[in-house]
Amino acid sequence: MFVLFILIFETFYSCKEVGDPNPYAPVLTKTALSQSEYYVGLEQNVLISRIFNLDEESKNYINELNRIDGFDESPSQVNDFEKFRSVLAQALNSFEDPVRSLLLKKLIRIYVCENLGGSAVSGIVRDSDNPIGGFVILDANTLNRKANEWISYKESSTFQKGSLKIKIKIESEEQNTQTNALRYILLHEFGHILSETEKIGPSFFASKRSFANFDFYKEVWKSEKVSYLDENIFSLRPKLRFYSESFALDPNWKQIYPVLAETPFPTLYSATNADDFFADSFVSYVHVILDKKAWELEILENNKSIYKMENGIRKDSLLKQRKIIERIIRP
């Protein structure tokens, strides 16, 4: 009787979903954008043919995400679509193999819009229940900044304005273009798509998501928003929110960036949550290791440098993560 009770309990427990509630699952499940039948011409080998202006389905998808996130923005179509399409085409054409082959296989559509509520969002496309790729929705306003200015703005958006300034360089002066800003954004969003198609983490369609049994996150993430490093190593991490301008940099930078440099996070953005840990590790790997480009952060006080750090994707503590990304790129 006692043994039978244990067996019943273990069977019941093992069938229960574990992990954090996922409020986005119903949105992903019901949208037509997640269904392969929604798309035509998937066999085309020209990435530029996959660029579309916002349509009703993609607009509804963004509105649902913004509702969950508490954003008031509602997107609209891009007025000068051909101009943005031309710049985006340059970004897509700049990719070389093996990344280009991955994009051709798994980046099914790119939508462009205005008033998104952020730089970009992504989603997953499934054939039945099998993830085969995904889509990215970009805000045309990202064209307002060149690569170095865009990423410096993004990093600085975490902090209140003060006497210290943050500058990040990801491109040389000659390559510091709006096209390369788009290129970097695309790679990050494509990382989210790969995390689903390659089963790097829990499915975005699951009603609850646990990262416990996925190698990429072990010993780094307890859950989507809680890291093993929060308690004793990087205690300020949970307080940092991008695009909030809510945290004081001036009195706290020594407890942020020098600490970050000793963790398995390659960038501050990769430390925001488990999903962005993979996506920003992926873009860091392609940008720094494959493309051999710079990624240098500098903190300035009265225009004088007081601290410098590089992207941490080459850290010994990220060896396992690099190997996983390498297997995706060169299977």
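Because the structure is predicted, anything quoted here is derived from the model rather than measured.
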Could you list the donor-acceptor pairs under 3.5 angstrom formed by side chains in residues 118-134, with sequence neighbours left out?
from   : atom 1 : to     : atom 2 : distance (Å)
Ser122 : OG     : Glu189 : OE1    : 3.1

Non-neighbouring partners of [X] that pass salt bridge (Lys or Arg N to Asp or Glu O under 4.0 Å), sequence neighbours left out:
{"X": "Lys105", "value": "none"}
{"X": "Asp55", "value": "none"}
{"X": "Glu73", "value": "none"}

Sequence neighbours excluded and cut-off under 3.5 Å, please list the side-chain donor-acceptor pairs for residues 217-224, or say none.
from   : atom 1 : to     : atom 2 : distance (Å)
Lys218 : NZ     : Asp215 : OD1    : 3.4
Ser223 : OG     : Asp20  : OD2    : 3.4
Ser223 : OG     : Val226 : N      : 3.4

To the nearest 0.5 Å, how far apart are [atom1] in [X] and [atom2] in [Y]?
{"X": "Lys59", "Y": "Ile62", "atom1": "NZ", "atom2": "CD1", "value": "10.0 Å"}
{"X": "Ile168", "Y": "Leu268", "atom1": "CD1", "atom2": "CG", "value": "8.5 Å"}
{"X": "Gln175", "Y": "Ile170", "atom1": "CD", "atom2": "CD1", "value": "11.5 Å"}
{"X": "Asp72", "Y": "Asp69", "atom1": "CG", "atom2": "CG", "value": "11.5 Å"}
{"X": "Trp295", "Y": "Ser284", "atom1": "CH2", "atom2": "OG", "value": "7.0 Å"}
{"X": "Leu249", "Y": "Gln160", "atom1": "CG", "atom2": "CD", "value": "9.5 Å"}

Can you name the residues that form a side-chain hydrogen bond (donor to acceptor under 3.5 Å, both in side chains) with [X], not counting sequence neighbours?
{"X": "Arg237", "value": "Asp230"}
{"X": "Ser74", "value": "Asn63"}
{"X": "Gln77", "value": "none"}
{"X": "Lys106", "value": "Glu198"}

Just checking, is any N or O donor in the side chain of [X] or [Y] under 3.5 Å from an acceptor N or O on the other one?
{"X": "Asp139", "Y": "Asn141", "result": "yes"}
{"X": "Arg183", "Y": "Ser94", "result": "yes"}
{"X": "Ser163", "Y": "Asp250", "result": "yes"}

Looking at every non-hydrogen atom in both residues, tell me the closest pair between [X] and [Y] and how far apart they are.
{"X": "Glu57", "Y": "Thr31", "result": "OE2-OG1, 3.4 Å"}
{"X": "Ile137", "Y": "Leu116", "result": "O-CD2, 3.8 Å"}
{"X": "Leu240", "Y": "Phe159", "result": "CD2-CE2, 4.1 Å"}

Main-chain N/O of [Y] paired with [X] side-chain donor or acceptor, under 3.5 Å:
{"X": "Arg209", "Y": "Pro202", "value": "yes"}
{"X": "Ser101", "Y": "Asp97", "value": "no"}
{"X": "Thr29", "Y": "Ala25", "value": "yes"}
{"X": "Lys315", "Y": "Pro266", "value": "no"}

Tyr285 and Gln321: CA distance, side-chain angles, deciding distance, side-chain contact (heavy atoms from CB on, under 4.5 Å) verdict: CA-CA 10 Å; Tyr285 185 95; Gln321 284 79 7; over 6 Å; no

Are Glu82 and Arg85 close enough, and set up right, to give a salt bridge (charged side-chain N to carboxylate O under 4.0 Å, His left out), and what steps lead you there? CA-CA 5 Å; Glu82 289 304 321; Arg85 184 173 181 266; 3.8 Å; yes

If the threshold is 4.0 Å, N to carboxylate O, is there a salt bridge linking Lys323 and Glu326? no

Considering only residues two or more places apart or on different chains, which pairs with a residue in residues 66-97 satisfy ring pair (Phe, Tyr, Trp, His ring centres under 6.0 Å)?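 Matches after skipping sequence neighbours: none remain.
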
May I have the list of side-chain donor-acceptor pairs in residues 299-310 shorter than 3.5 Å, sequence neighbours left out?
from   : atom 1 : to     : atom 2 : distance (Å)
Ser305 : OG     : Glu298 : OE2    : 2.9
Tyr307 : OH     : Tyr257 : O      : 3.4

How about Phe204 and Tyr24: are their ring centres within less than 6.0 Å of each other?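 Ring centres of Tyr24 and Phe204 not closer than 6.0 Å.
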
Can you tell me if NZ on Lys146 sees more than 12 non-hydrogen neighbours from other groups inside 6.0 Å? no

Within a radius of less than 6.0 Å around CD of Glu173, do more than 12 heavy atoms belonging to other residues, nucleotides or ligands occur?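 Not more than 12 within 6.0 Å, no.
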
Sequence-distant partners of Phe135, ring-ring contact (aromatic ring centres under 6.0 Å, His included), two or more places apart: Tyr61

